[in-house]
Amino acid sequence: MKTFAATALALGLAAMPATAEEVLRGVTAFAQGTTFSRPFEAFVERVNETGKGVVQINFVGGPEAVPPFELGNAVSTGVVDIANVTSAFYPNLLPTGDALHLATNTVQDQRENGCFDKIDALHQEQMNVKYLARTGDHIQFHLYTTKPVEGLDLSGFTIRTTPVYRALLEELGATPVRTAPGEVYTALERGAIDGYGWPVQGVLDLGWDEQTKYRIDPGFYQVDVNFLVNLDVWNNLPDEAKTVLQEAALWTEARNADNVAVNEEEAAKQVEAGIEVITFDEETAKTYLETAQNAGWAFVESVDAQIAADLKSCLVD
Ligand code: 173
């Protein structure tokens, strides 16, 4: 007996925790190190600090590991355990997900008023994932072009899109083409597109400023980039591991407030890089924003009127 104990100690077995450490494979839909990947990378670091011996995330990589429009499927089926991805990249799995970027309040408000739980339930029921966190609050989207724009007419413009901008672009008469972020530079360079939709942050990350002449102001909607955990994996995690992940999620969401200052810095960098700002006059801007908001909600309503009404009541102030 004594000998066994001594041997076990020598092998380090006595120091082994009662339950094994959980290791989750994490993938981001945005290139590693870029604007919309960084909050997830910071979250991974945080979990790997606070979750020692309990839960760790093995950061596998970005679009080179899983194509961005496939990442929803990958986390839904468990090929990936935890994903950093916007709802605009998984419309096939959650068609009402477009409502998320129509929010005018913050994720903190949504946790408070029960909206977060509703959005979590939709993710669980329709795509087999736990909705863990939302980043991107306070960041708006813009249209960027290579040609001057006059008023609310984009007929003759081919514009790179995701589901975020599609409804608005159709109202403006543009021809939308869905393009992954990693292909936008080449599409611009070749003249295959006359512009693109993208948030105010991140335009310089992949060098798009070199191929961009104009940003249209004002911005519209609000970015949602979400952390999703495969639901079977989530349900099998020990409570202690869930707590580590949930605390790190709240820590991440608290940092969303930094975006207000970063937006200004990014807008200034765009101007320095030679991007001219086209600012619609007050009346045109009002119509533009109303068109964006109405077209966005009309689409979600066309998918499911009840879910649309339910989400609108807790996402819009
Ligand atoms: O334009 C996009 O690819 C898109 O929809 C998006 C959404 C959130 C953050 C960044 C981009």
Side-chain angles (χ1 to χ4, degrees), residues 25-41 43-44 59-103 107 119-120 122-137 139-143 159-169 176-185 187 193 196-203 205-206 208 220-231 252 296 299-300 303 311:
R25 282 157 303 161
V27 174
T28 170
F30 298 92
Q32 190 176 346
T34 61
T35 301
F36 297 103
S37 185
R38 287 198 295 265
F40 182 64
E41 291 164 30
F43 166 85
V44 169
F59 183 83
V60 177
E64 74 293 346
V66 180
F69 301 147
E70 293 297 323
L71 187 52
N73 276 321
V75 68
S76 175
T77 57
V79 169
V80 162
D81 300 319
I82 181 164
N84 175 60
V85 60
T86 172
S87 58
F89 294 177
Y90 52 85
N92 52 322
L93 298 168
L94 188 65
T96 53
D98 268 331
L100 271 63
H101 62 250
L102 302 175
V107 69
I119 294 166
D120 183 20
L122 286 170
H123 279 82
Q124 296 202 21
E125 286 157 19
Q126 297 190 19
M127 65 183 287
N128 193 48
V129 294
K130 163 77 187 164
Y131 182 71
L132 186 67
R134 172 172 177 151
T135 70
D137 281 355
I139 307 175
Q140 292 194 306
F141 297 92
H142 291 259
L143 298 181
I159 306 283
R160 172 270 171 183
T161 197
T162 66
V164 171
Y165 327 94
R166 184 177 297 275
L168 172 63
L169 289 173
V177 287
R178 196 178 81 146
T179 314
E183 290 155 20
V184 170
Y185 186 93
I193 53 174
Y196 54 91
W198 191 259
V200 70
Q201 295 187 26
V203 166
D205 284 349
L206 301 175
W208 299 349
F220 51 89
Y221 303 154
Q222 181 169 237
V223 167
D224 68 283
V225 179
N226 310 304
F227 300 173
L228 310 180
V229 185
N230 174 271
L231 191 57
T252 301
F299 176 77
V300 184
V303 176
L311 291 180

I'd like to check the ring-ring contact (aromatic ring centres under 6.0 Å, His included) partners of F299; sequence neighbours left out, ordered by chain and number.
none

Excluding sequence neighbours, so at least two apart, what forms ring-ring contact (aromatic ring centres under 6.0 Å, His included) with H101?
Y221

Heavy-atom closest pair, residues V75 and A83
CB-CB, 4.0 Å

If you round to the nearest 0.5 Å, how far is CZ of F227 from OG1 of T252?
4.5 Å

Output for pair (L132 CG, N84 CG), nearest 0.5 Å, gives 11.0 Å

May I ask you to test the V66-V80 pair for a side-chain heavy-atom distance under 4.5 Å?
yes

Does the side chain of L94 reach to within under 4.5 Å of the side chain of S87, using non-hydrogen atoms?
no

Could you tell me the separation between the CG atom of N226 and the NZ atom of K130, rounded to the nearest 0.5 Å?
12.5 Å

Using every non-hydrogen atom in the two residues, find where V229 and I82 come nearest and quote the distance to one decimal.
CG2-CD1, 3.9 Å

Contacts of type side-chain contact (heavy atoms from CB on, under 4.5 Å), residue N128, not counting sequence neighbours
S76, N230, L231, D232

For A103, all residues meeting side-chain contact (heavy atoms from CB on, under 4.5 Å), sequence neighbours excluded:
N105, Q110, R134, Q222, L315

Side-chain touch V203/H142, heavy atoms, less than 4.5 angstrom
no

Taking every non-hydrogen atom, the tightest pair across T179 and E183
CG2-CB, 3.7 Å

Please list, chain by chain and in numerical order, all residues satisfying ring-ring contact (aromatic ring centres under 6.0 Å, His included) with Y196, sequence neighbours excluded.
Y144, W208

Heavy-atom side-chain contact between Y90 and V129 under 4.5 Å:
no

Please tabulate, for the side chains in residues 162-169, all donor-acceptor contacts under 3.5 angstrom to protein atoms that are two or more places apart in sequence or on a different chain.
| from | atom 1 | to | atom 2 | distance (Å) |
| --- | --- | --- | --- | --- |
| T162 | OG1 | V164 | N | 3.2 |
| Y165 | OH | G197 | O | 3.3 |
| Y165 | OH | W198 | N | 3.2 |

For D81, all residues meeting salt bridge (Lys or Arg N to Asp or Glu O under 4.0 Å), sequence neighbours excluded
R25

So do the side chains of Q126 and L93 get within less than 4.5 Å of each other, counting heavy atoms only?
no

Can you name the residues that form a side-chain contact (heavy atoms from CB on, under 4.5 Å) with Q140, not counting sequence neighbours?
none

Quick check: does any side chain N or O of T86 sit under 3.5 Å from a backbone N or O of D224, one acting as donor and the other as acceptor?
yes

At what distance, to the nearest 0.5 angstrom, does CG of D120 lie from CD of E125?
9.5 Å

Where do L311 and A99 come nearest, in terms of heavy atoms and distance?
CD1-CB, 3.7 Å

So salt bridge (charged side-chain N to carboxylate O under 4.0 Å, His left out) across residues 92-103, not counting sequence neighbours, yields none

Could you check whether the rings of F69 and F89 sit parallel, tilted or perpendicular, using 30° and 60° as the cut-offs?
perpendicular

Closest heavy-atom pair and its distance - P176, T161
CB-CG2, 3.6 Å

G62 versus V27, closest heavy-atom pair with distance
O-CG1, 4.0 Å

Taken in chain and number order and not counting sequence neighbours, the residues that satisfy side chain to side chain donor-acceptor pair (under 3.5 Å) with N92 are none

Let me check something: any side-chain donor-acceptor pairs from residues 30-40 under 3.5 Å, sequence neighbours excluded? List them with distances.
| from | atom 1 | to | atom 2 | distance (Å) |
| --- | --- | --- | --- | --- |
| T34 | OG1 | A31 | O | 2.6 |
| T35 | OG1 | D205 | OD2 | 2.7 |
| S37 | OG | T28 | OG1 | 3.2 |
| S37 | OG | E41 | OE2 | 2.6 |
| R38 | NH1 | G33 | O | 3.0 |

Any side-chain heavy-atom pair of L102 and V300 under 4.5 Å
yes

Can you pull out every side chain to side chain donor-acceptor pair (under 3.5 Å) where at least one residue sits in residues 64-75? Sequence neighbours excluded, please.
none

